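Nothing here was measured: the structure is a model prediction, and the numbers come from that model. Proteins come first, then strands; the chains are lettered A, B, ... in the order of their sequence lines, and each starts at number 1.
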2 protein chains.
Amino acid sequence: MAANRTRSQTVTDDIRELIVQGELQPGEHANEQPIAERLGVSRTPVRTALSTLASEGFLVYHPNRGYFVRRFDLSELMDAYDVRATLEGLAARRAAERGLSEEDEAAIRAALADGDRILTKDHFEPDDLLPYRAMNMAVHGTVIRAAHSARLEQAIRSAQNMPLLSDRIILWQDLPILRRSHDDHHRVLDAILHRKEWRAESLMREHVYYAGLNLQRHLRQYCGHDDVIQPEAWRDVLAS
Amino acid sequence: MAANRTRSQTVTDDIRELIVQGELQPGEHANEQPIAERLGVSRTPVRTALSTLASEGFLVYHPNRGYFVRRFDLSELMDAYDVRATLEGLAARRAAERGLSEEDEAAIRAALADGDRILTKDHFEPDDLLPYRAMNMAVHGTVIRAAHSARLEQAIRSAQNMPLLSDRIILWQDLPILRRSHDDHHRVLDAILHRKEWRAESLMREHVYYAGLNLQRHLRQYCGHDDVIQPEAWRDVLAS
DNA sequence: CGGCTTATAATTGGATACAATTACCCTTGT
DNA sequence: ACAAGGGTAATTGTATCCAATTATAAGCCG
């Protein structure tokens, strides 16, 4: 099995990282030559990478002017979470319809136990952030995979694509919110296992939507009156 | 306002048309050189166009081997309709929440009247196909636009991207099915106008899903045992 | 005769060169 | 002082060239 990757694909990952990490800031013009020099390649793979990233939603393309890092405001953030919530709800429904494989069920149960262990502590420390994030991604990723729909997976991924956002966001300042959120995980799994499709769908949908609302509330204090999200807003939310 | 299009964008449209029209058949290898010669350009704009079309879902990319026209089977078709149904349901809900502008309401009412007029006839003739399709696209397009979410629009469009499919499909062989479908349009608009968000969402969702089921049933007779959809299946469904 | 190796052709990936368009700055006129 | 115009620099778009990889087919050995 050839895990064969071409150069421009690694360049794509590199530039995406530059965007997500904020080195290319929202609104900034992605100049091809400097990026090519920085990554030690010619403009050609950079161009195809920029094209790919534009299709992923990280960049916008202006003919004869190039690619610019997309900037988002709060309403677009909630837009994205709304779409994602609906699609993940569909994923939960289809997982409930098909049922979980043994491995998937085991994976989710292990993740839920991890989450329980982390959240029984009195304080949420920075060291808990990575394990919690891994747990969260395991739960959602497994449900999405259990839906057995490549198109649905792709739609969810593209709904999440956003500079500085991606799927690595954890709001860890507020322990009760995390507990409420993790309780949702338990209830979603329960609904899926008992084949309650409608309940699984609506629970998952509200769970993701709720996360979006909390993120919005958190980010609002960093926004100007135009609701454009400033890069520094992510500092205490992102885990590199 | 510069409606400035670059060359590779028109090349993208040309190649997309080749795919949708079936000149590049599903599974076929998109050879860069012949395409470039055929369109009278060099390989460079062709390459960027192929990359774009791959991101739209019309092609799949194999590193060091190039781009291939995606082939679909019936389960993937229903996958796509399922995702699209869910997303259009969300669009209907948001349209109901926000309410329709006067122009949007007028546009939909006009479209509904058109559909009524076409469907009161005893037979559906080929000449009715284009007006009906226009009516259908007007209803769905207006609802989607009324949701005021660029991300949702993009997600719906990408859920529809499929060689030989696109949004130009009308199953016109069966008049009762069309009547039932158009009746859905009336009920969806009614739910939106009366701000019944939940009802608008579920009605639209089932409406689109139902269309997918009918299309699937129609296409099944053209499929081999592997359920791969053959190009000739679209002949009496497509309106160029 | 069939499977494997190897040589050759075809095709893609990437670098470079050039053309076309746009952005920037300086000048100029009112 | 400031708006409009023009010219230069910077940047993108396309073509061409070469390298790297893969597909194809002939040859070889069992």
Residues A:Arg94 and A:Glu201 bridged, charged N to O under 4.0 Å: no
When all nucleic acid strands are considered with a 4.0 Å heavy-atom cut-off, which category describes A:Ser8: base, sugar-phosphate, or nothing? sugar-phosphate
Under 4.0 angstrom between A:Arg43 side-chain N/O and D:dT12 OP1 or OP2: no
Contact class for A:Tyr61 vs. all strands (heavy atom < 4.0 Å): base, sugar-phosphate, or nothing? sugar-phosphate
Under a 4.5 Å cut-off applied to non-hydrogen side-chain atoms, are B:Tyr67 and B:Leu53 in contact? no
Pairing of B:Glu88 and B:Arg93 as salt bridge, 4.0 angstrom limit: no
Whichever of A:Val41 and A:Arg65 has its nearest DNA chain C nucleotide further upstream toward 5': A:Val41
Rounded to whole angstrom units, what separation is found between the CG atom of A:Asn31 and the C1' atom of D:dT12? 9 Å
Which of these nucleotides, C:dT11, D:dA15, C:dG14, is closest to any side-chain atom of B:His29? C:dT11
For the pair made of CZ in B:Arg5 and C1' in D:dT12, what is the distance, rounded to whole Å? 17 Å
If each of B:Pro34 and A:Gly40 is mapped to the nucleotide of DNA chain C with the nearest heavy atom, which maps nearer the 5' terminus, i.e. the 5' end? B:Pro34
What does B:Thr44 touch in the nucleic acid at a heavy-atom separation under 4.0 angstrom: a base, only the sugar-phosphate, or nothing? base
Between B:Glu76 and B:Arg70, is there a side-chain N and carboxylate O pair less than 4.0 Å apart? yes
Contact class for B:Ala36 (heavy atom, under 4.0 Å): base, sugar-phosphate, or nothing? nothing
Taking only N and O in the side chain of B:Thr6, is any of them less than 4.0 Å away from OP1 or OP2 of D:dT14? yes
Check the phosphate of C:dA23 against A:Asn64, side-chain N and O only, distance under 4.0 Å to OP1 or OP2. Yes or no? no
Send over the distance from A:His62 NE2 to C:dT22 C1', rounded to a whole Å. 13 Å
Rounded to whole Å, the CD-P distance (A:Gln9 to D:dT21) equals 14 Å
I need the CZ-P distance between A:Arg7 and D:dA19, as an integer number of Å. 16 Å
A:His140 and A:His207 aromatic centres sub-6.0 Å: yes
Rounded to the Å, how far apart are A:Gln33 CD and C:dT16 C1'? 11 Å
Under 4.0 Å, heavy atoms only, any strand: does A:Arg47 hit a base, just the sugar-phosphate, or nothing? base
Taking atom P of D:dT14 as reference, at what distance in whole Å does atom CD of B:Glu32 sit? 15 Å
